[in-house]
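Remarks on the structure that follows.
Chain A is the first sequence line, chain B the second, and so forth, proteins listed ahead of strands; every chain is numbered from 1.
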Protein chains: 2
Amino acid sequence: MKNPKIPEATVVRLSIYSRYLTRLEQQGVPTVSSGEIAQAVGVSAAQVRKDLAYFGEFGTRGVGYGVKTLNAQILKILGLSTPWSVVVVGVGNLGSALASYRGFARRGFLIRALFDRDPAKVGRILNGLPVYGLERLPEVVRQVGASIGVICVPADQAQPVADLLVAAGIRGILNFAPQYISVPEPVLVRNVDLSVHLEVLSFGLVRRAEGERPGLAAAGNRPEE
Amino acid sequence: MKNPKIPEATVVRLSIYSRYLTRLEQQGVPTVSSGEIAQAVGVSAAQVRKDLAYFGEFGTRGVGYGVKTLNAQILKILGLSTPWSVVVVGVGNLGSALASYRGFARRGFLIRALFDRDPAKVGRILNGLPVYGLERLPEVVRQVGASIGVICVPADQAQPVADLLVAAGIRGILNFAPQYISVPEPVLVRNVDLSVHLEVLSFGLVRRAEGERPGLAAAGNRPEE
DNA sequence: GACTGTGAAGCCATTCACAGCT
DNA sequence: AGCTGTGAATGGCTTCACAGTC
């Protein structure tokens, strides 16, 4: 049981459990059951236990889980025990919004620098962060020790920017551009595609309207119980 | 084969295929093969064919698919033949950014109104759109005929706002708040959780660093071929 | 020869159901 | 009695491999 293959869905849920546990911790709740976690985040209790079981035994039978210790374990599993340095490329509407999003820092993702191709934006300060030109990206990425890059540029620039980030030593990319990007082996990419989410909703809505029973199966939108 | 259960992953990919086909269409490319689509969006050719096969036969053996007709079919399947009216609740950094995001309108999602609790924001015009107080939400939602609502408020307000949207007749919700929300039966919810994406990257990065072979399985980050 | 459509096989994730501990 | 941990069963998605068509 030491090093099984972990479903990505499990990792996503761990992240969500952790956020809930953090809130319980702040409220001073000492202990929680898989059923309570399940209800709070919209999954089944068996799912919660199975997800945790990939990594060890964290609970006490008949009692539940210690909120504080369980959260500490999950944070460690997720690699959040120490903070990550992040850079954002593309300071349009979305890039600016992400640069000032509090939720990232709260979970240990510290945005360290912003980049943009547009000379009119270079040199500005946004939310306390300087905007650099792309030519300084390699230098600055190394200087701030960034491991993760966020791409918020138009689709046609996404691949070149990804190449630039990879060349600078970035190891993970969060891509908001509506564009598939390819990266060499050890680098990880996650795509956040805003239109796609609306289109999946659209599909579900017209299916229902047409009186189709089944609709969608599982995932993103969680089952009620 | 008329009305099988469609995997959500298939719907997500259809949306991505469609975006690629739209670009080909603009370039005047008449015909495309499953292999070309596959390469462009980072999935396998068999996957492309299987996804399309859920809905019918759109190609010609030995030739491929007509770009224009295939895209029209996919748009119809996704419910994008006619535009959707959308409202955004919460005009902070993220809400404002989404309100001016061009990609939505381009795919037929027309943002019709903005809402915020903060009286200081009410009455402003953002990107040509008025910001209303929450008390006017039911009225305005009906007036503009909105079917989809986007939630960009802090976590503790997400559930009340969702309830408000549902009561106003909204049928689909895109939730950017880091919070599970529950809605009554026919209403659809999709959660876009920005921190979670970074945490999944974080997990993958520390796993690799520890020399673990397997890492993550499938999905969000697509296989190379 | 090139490419689609599809049953069958393989693989992966979730649910079930119960043994095991407190 | 209450709740965790887990093997077994189920269900679902993806890949394979090939027949069918142009």
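Atom pair F58(B):CZ and dT4(C):C1' shows a separation of 13 Å (rounding to whole Å applied). The distance from atom CD of E57(B) to atom C1' of dC22(D) is 14 Å, rounded to the nearest whole Å. Atom-to-atom, CD1 of I6(A) to P of dC12(C) comes out at 13 Å; the value is rounded to the nearest Å. Distance CD1 (I37(A)) to P (dG5(D)): 11 Å, rounded to an integer number of Å. The CD atom of E8(B) sits 13 Å away from the C1' atom of dC13(D) (whole-angstrom rounding). Here dT4(C) presents its P atom at 9 Å from CD of E36(B), a figure rounded to the nearest Å. Between the OH atom of Y54(A) and the C1' atom of dT14(C) there is a distance of 8 Å, rounded to whole Å. In this structure, the CG atom of L52(A) is 10 Å from the C1' atom of dT4(D), given to the nearest Å.
For K50(B), the side-chain atoms get nearest to dT15(D) when compared with the rest of dT15(C), dT15(D), dT22(C). Listed nucleotides: dC18(D), dG7(C), dT15(C). Nearest to the side chain of R49(B): dC18(D). Counting only heavy atoms from C-beta on, A9(A) has its side chain closest to dT14(C) among dT15(D), dC16(C), dT14(C). You'll find that the side chain of R61(B) is closest to dG5(C), out of dT15(C), dG5(C), dG5(D).
You'll find the ring centres of Y101(A) and F104(A) inside the 6.0 Å limit.
Shown here are the side-chain contact (heavy atoms from CB on, under 4.5 Å) partners of R112(A), two or more places apart in sequence or in another chain: S85(A), L110(A), V144(A). Residues that satisfy the side-chain contact (heavy atoms from CB on, under 4.5 Å) test with Q26(B), not counting sequence neighbours, are T22(B).
Checking the phosphate oxygens (OP1, OP2) of dT4(D), a side-chain nitrogen or oxygen of S34(A) falls inside 4.0 Å. Taking 4.0 angstrom as the limit, S44(B) places a side-chain polar atom (N or O) nearer than this to OP1 or OP2 of dT15(D). The phosphate of dC13(D) (OP1 or OP2) has no side-chain N or O of Q47(B) nearer than 4.0 angstrom.
The shortest distance between side-chain heavy atoms of L75(B) and S18(B) falls below 4.5 Å.
Within the structure, the salt bridge (Lys or Arg N to Asp or Glu O under 4.0 Å) test picks out the following pairs touching residues 97-107 of chain A (sequence neighbours left out): R107(A)-E199(B). Pairs of residues two or more places apart, or lying in two chains, that qualify as salt bridge (Lys or Arg N to Asp or Glu O under 4.0 Å) and include a residue from residues 40-56 of chain B are R13(B)-D51(B).
Near DNA chain C, defined here as any heavy-atom distance below 4.0 Å, the residues from residues 62-74 of chain B are G62(B), V63(B), G64(B), Y65(B), listed numerically.
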Sequence neighbours left out, cut at 3.5 Å: what donor-acceptor pairs do the side chains of residues 55-64 of chain A make with other protein atoms?
none

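Not a single donor-acceptor contact under 3.5 angstrom links the side-chain atoms of K5(B) to the base of dG11(D).
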